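Notes to accompany the following structure.
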Amino acid sequence: MGKIIYGIYGASGFGREVMPLLRDMVSSDSVDYELLFIDDSIGNKSEINGYKIISFEHFLTMPAQKRYVNIAIANSNIREELTHRCLKNSIELIDIRATNAIVLDSVSMDSGSILCPFVTLTSNIKIGRSFHANIYSYVAHDCTIGDYVTFAPAVRCNGNVTVGDHAYIGTGAIIKQGRADRPLVIGRGAVIGAGAVVTKSVPDGMTVFGNPAIELTKENLKRRR
Ligand code: UDP
């Protein structure tokens, strides 16, 4: 039959933070399994923190009963590309959840998510594919989050907020609560700078910074100095 192989895709910073979370999830399984890293630029390193690092091609050829992957790479475009690569090869994407992450009522999430330690998702939340919530982030009630969204550490996303696909929310950003009839919208591919306080909707693709958050332009940067 062979064993079950769990691969963390990406053996860099985030991957090394996520591996122990996966280890905690599978260590109670009695079945034969192996945890390893998959990385396309492994150089001359063959292991890190006691785990093998192998290429995706090697991963595909290992004898296994079943293979699972989680893509622990912060860049959302890479995540999307590698997600398609996995799905094309019939590899299932798994969710990783720290044992102390809290998920309350009516939360739906597509596959491939990572909920790091101390993350909280409260109630009535819909989240797309491959969501990353880094340590100490929260998502409050009635939020809708798209595909390949990335929350850096300690993001505070309050209620009635809609976040578009591929948005990146920087460390410590605060997103003000929207209204039930008019959510605050973070556009597709928008970038919210570290520590920003977002008080109104952000258009698709725009980068904002500061408190209150404004568009990142040379003039605005000068004005805020
Ligand atoms: N990577 C990969 N395949 C790709 C793109 C990236 O295996 O198509 C690996 C890359 O070699 C690196 C990791 O993913 O080891 C990304 O690391 P980085 O430090 O850029 O990001 P982070 O770990 O902070 O998300």
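Computed from a predicted structure; not experimentally measured. Side-chain atoms are counted along with the backbone in the values below, which use heavy atoms only and exclude waters and symmetry mates. We count ligands from 1, going down the list as the structure has it; atoms in each ligand are counted the same way.
Enclosure of atom CZ in R67 by more than 12 non-hydrogen atoms of other residues, nucleotides or ligands within 6.0 angstrom is indicated.
Of the protein's non-hydrogen atoms, I73 CD1, 3.8 Å is the one closest to atom 1 (N) of ligand 1. For atom 16 (C) of ligand 1, the nearest non-hydrogen atom of the protein is S12 CB, 3.9 Å. Counting only heavy atoms of the protein, atom 24 (O) of ligand 1 lies nearest to F14 N, 4.2 Å.
Polar contact with ligand 1: absent for I78 (N/O pair, distance under 3.5 Å). For ligand 1, one of its N or O atoms has an N or O atom of A74 under 3.5 Å away. When only interatomic distances are considered, the shortest N/O to N/O separation between N75 and ligand 1 does not fall below 3.5 Å.
Ring planes of Y33 and Y6: perpendicular class, angle over 60° (limits at 30 and 60°).
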So E81 and K88, salt bridge (Lys or Arg N to Asp or Glu O under 4.0 Å) or not? Walk me through it. CA-CA 11 Å; E81 189 188 315; K88 217 169 73 190; over 6 Å; no
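A ring-centre distance under 6.0 Å is not found for Y138 and F151.
Ligand 1 lies nowhere less than 4.0 angstrom from a heavy atom belonging to F56.
None of R129, R188, R79 except one satisfies the salt bridge (charged side-chain N to carboxylate O under 4.0 Å, His left out) rule with D165; the exception is R188.
Protein non-hydrogen atoms do reach within 4.0 Å of atom 19 (O) of ligand 1.
A side-chain N or O of D40 and one of Y9 form a donor-acceptor pair less than 3.5 Å apart.
Atom 4 (C) of ligand 1 has its nearest heavy-atom neighbour, among D40, T150, D39, in D40.
Annotation for ligand 1: atoms under 4.0 Å from non-hydrogen atoms of G10 are 14 (O).
In this structure, L82 is not a member of the same hydrophobic cluster as Y148, with clusters built from ILVMFWY side-chain heavy atoms closer than 4.5 Å.
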